[in-house]
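Quick notes on the structure that follows.
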Amino acid sequence: MIIRHFSIITTLSLSLIFSSSVLAQGKKQPTPDKFPPNPLEIRVSDPLLPRNPDKQPLTEQEKQQLEVALEQLNTDAIAKLESGDKLAAFDTWNREIRLRRYLGTIDEVQALSRVGEIAWRNNERPQVQFITQRLQSIQKPKKSLPVTDVAILQALGEGYQKVRSPKLAIEVYNQILATVRQQRNQTEEINTLQTIGTIHMSWFDYSQAAATYEELLGLASAKNVRIDELVYLKQLAYIYDQSKQHQQAINTRSKIAEIYTKENNLLELPELQIAIGSDYEILAKQNPSILENAFQNYQQAYITAWEQQQYARSGEALQKLIALYRSQEQIDEALQTSQILLQSEELAGNFYGVMKTYENIGQMHLQRKEYPQARSAFEQGLKFAQQLQYDESYFTQQIQQIPTN
């Protein structure tokens, strides 16, 4: 009887255990969140709030008191960061930002921007992500229409820049651009385009930067604002250089040269002509027929610079010209131009340049097996090397290696 009683108890126990496990399996277990909640989105009570502002807005006096308290939180966060406690610092900043919303949207966005830049500089990627998400929530709230207020959009654009989100920033500035164009506010249109151009440049998006500065150039040309035209043309020339668009760079610099010529600003021309010549020289690798354009621009740069007594710049143009002559095996022309270069370098007081020119002259004569002329050039180069106390052994060695017969 005792054994049987024990058996019944055992059977009942097993039955209960089995039933419990089945119920447990049938019941859905709570799954942990894949990502932690954004600490800037959660709503929590705070001792700094006199009551729930969502139900009853703060008075102006209460806002002023809160502003003072939030400035202290920012100061505390800075101190914690400087002491090395990053976690506590950003916890404090997050508390400050959560409370900033009760002072107005721009206040909150500016705080997000400020802390976002600190987070980015400290490589706090989760914090940067939290701030970016909050900026997006402000820009496009789930339960209301997207923001259209230009002042808030400007603040959002700056915030996106601080957390290095160029695409989001451009999206906001394009929205601003559409608004100010609708308002026919050309001053703000220009300012916004300049900001967009700067962002594209900062992220090396040269094609988009070029399109933006072409727009700005069109506006400046339409108003005949010559100073702005030059600024945008120079920026475009730089962009086309960086993106290896040599023909566009030539076209742009040619427009700048036209403006300088009309305004009789000849001092700036040689540098432009040298740059144009360099672009033609690169393009000539694919189309040799335009190499003459490179020669012409280098020659014109030398002449213009010489007339303006810009001897260093004329020397630069002559060096380009000599190198081009040598690449085309026009050694006579290269030697003749080198004699002019010697004068230019001497007038510029560039004794190192004189030494290097004699070296090149010597090499060209060696190439043609004109040994006496080569020896003479290297000897002249040695004199300047001795004055400069530079490369003396090189010139001595070159002289010693020249055949005597």
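We use all heavy atoms of the structure for the numbers below, so side chains are in, but hydrogens, waters and symmetry mates are not.
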Run the side-chain donor-acceptor check on residues 58-65: report pairs under 3.5 Å with partners two or more places apart or on a different chain.
{"residue": "T59", "atom": "OG1", "partner": "E62", "partner atom": "N", "Å": "3.2"}
{"residue": "T59", "atom": "OG1", "partner": "E62", "partner atom": "OE1", "Å": "3.4"}
{"residue": "E62", "atom": "OE1", "partner": "R51", "partner atom": "NH1", "Å": "3.3"}
{"residue": "E62", "atom": "OE1", "partner": "R51", "partner atom": "NH2", "Å": "2.7"}
{"residue": "E62", "atom": "OE1", "partner": "T59", "partner atom": "N", "Å": "2.9"}
{"residue": "E62", "atom": "OE2", "partner": "R51", "partner atom": "NH1", "Å": "2.8"}

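Of all heavy-atom pairs spanning N38 and Q133, the tightest one is ND2-OE1, 3.3 Å. For I190 against Y232, the heavy-atom pair with the smallest separation is CG2-OH, 3.8 Å.
N265 places none of its side-chain heavy atoms less than 4.5 Å from the side chain of L269. A 4.5 Å side-chain heavy-atom check between L324 and K320 finds every atom pair outside the cut-off. Two residues are said to be in side-chain contact when any heavy atoms from C-beta on lie closer than 4.5 Å; I276 and N293 fail this criterion. Two residues are said to be in side-chain contact when any heavy atoms from C-beta on lie closer than 4.5 Å; L112 and R100 fail this criterion. Contact annotation: the side chain of E307 never approaches that of L266 to less than 4.5 Å [non-hydrogen atoms, C-beta and beyond]. Within the 4.5 Å cutoff, the side chain of F378 has no heavy atoms near those of the Y358 side chain. Contact check for F295 versus Y325: side-chain heavy atoms found under the 4.5 Å cut-off. A heavy-atom distance below 4.5 Å is found between the side chains of Y173 and I176.
From S221, atom OG reaches atom CG of L216 across 10.5 Å, with rounding to the nearest 0.5 Å. Atom CD of Q248 and atom CD1 of I239 lie 11.5 Å apart (nearest 0.5 Å).
Counting non-hydrogen atoms of neighbouring residues, nucleotides and ligands closer than 6.0 angstrom, the CD atom of Q299 exceeds 12 such neighbours. Atom CD1 of I42 sits in a crowded spot, with more than 12 heavy atoms from other residues, nucleotides or ligands closer than 6.0 Å.
Applying the salt bridge (Lys or Arg N to Asp or Glu O under 4.0 Å) test to K80 and every residue at least two apart in sequence or in another chain returns nothing. In this structure, the salt bridge (Lys or Arg N to Asp or Glu O under 4.0 Å) partners of E359, at least two apart in sequence or on a different chain, are K356. Scored by the side-chain contact (heavy atoms from CB on, under 4.5 Å) test, N174 finds I170, L177, I196 as partners (sequence neighbours excluded).
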Could you walk me through whether Q380 and I361 pass the side-chain contact (heavy atoms from CB on, under 4.5 Å) test, one step at a time? CA-CA 10 Å; Q380 290 296 321; I361 291 171; over 6 Å; no

Using the side-chain contact (heavy atoms from CB on, under 4.5 Å) rule, take I118 and Q127 through it: C-alpha gap first, then chi angles, then the decisive distance, then the call. CA-CA 10 Å; I118 296 169; Q127 185 68 33; over 6 Å; no

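The pair R114-E96 meets the salt-bridge criterion, with a side-chain N (NZ, NE, NH1 or NH2) lying under 4.0 Å from an Asp/Glu carboxylate O. A salt bridge does not link E258 to K255: none of the charged nitrogens lies less than 4.0 Å from a carboxylate oxygen. The pair E171-K167 does not meet the salt-bridge criterion, since no charged nitrogen lies less than 4.0 angstrom from a carboxylate oxygen. Ion pairing between E117 and R121 holds under the 4.0 Å rule for side-chain N and carboxylate O. Of the charged side-chain nitrogens involved, at least one lies within less than 4.0 Å of a carboxylate oxygen, so that D279 and R253 count as a salt-bridged pair.
With hydrogens and angles ignored, the 3.5 Å screen pairs no side-chain donor or acceptor of S113 with any backbone N or O of V109. In this structure, S344 contributes its side chain and I340 its backbone to no donor-acceptor pair below 3.5 Å. Between the side chain of K86 and the backbone N or O of E124, no donor-acceptor pair lies under 3.5 Å. Q175 contributes a side-chain N or O that, together with a main-chain N or O of V147, makes up a donor-acceptor pair within less than 3.5 Å. N52 contributes a side-chain N or O that, together with a main-chain N or O of D54, makes up a donor-acceptor pair within less than 3.5 Å. When atom types are taken as modelled, the side chain of S314 and the backbone of Y311 share a donor-acceptor pair closer than 3.5 angstrom. For R125 (side chain) and N123 (main-chain N/O), no donor-acceptor pair under 3.5 Å exists by modelled atom type. The backbone N or O of I199 sits nowhere less than 3.5 Å from a side-chain atom of Q161 that would complete a donor-acceptor pair. With hydrogens and angles ignored, the 3.5 Å screen pairs a side-chain donor or acceptor of D149 with a backbone N or O of I152.
For residues 182-193, the pairs satisfying salt bridge (Lys or Arg N to Asp or Glu O under 4.0 Å) are R181-E189, with sequence neighbours left out. Residue pairs meeting the ring pair (Phe, Tyr, Trp, His ring centres under 6.0 Å) criterion with at least one partner in residues 51-107, sequence neighbours excluded, are F90-W93.
Ring geometry for Y352 versus Y390: interplanar angle over 60°, hence perpendicular rather than tilted (30 to 60°).
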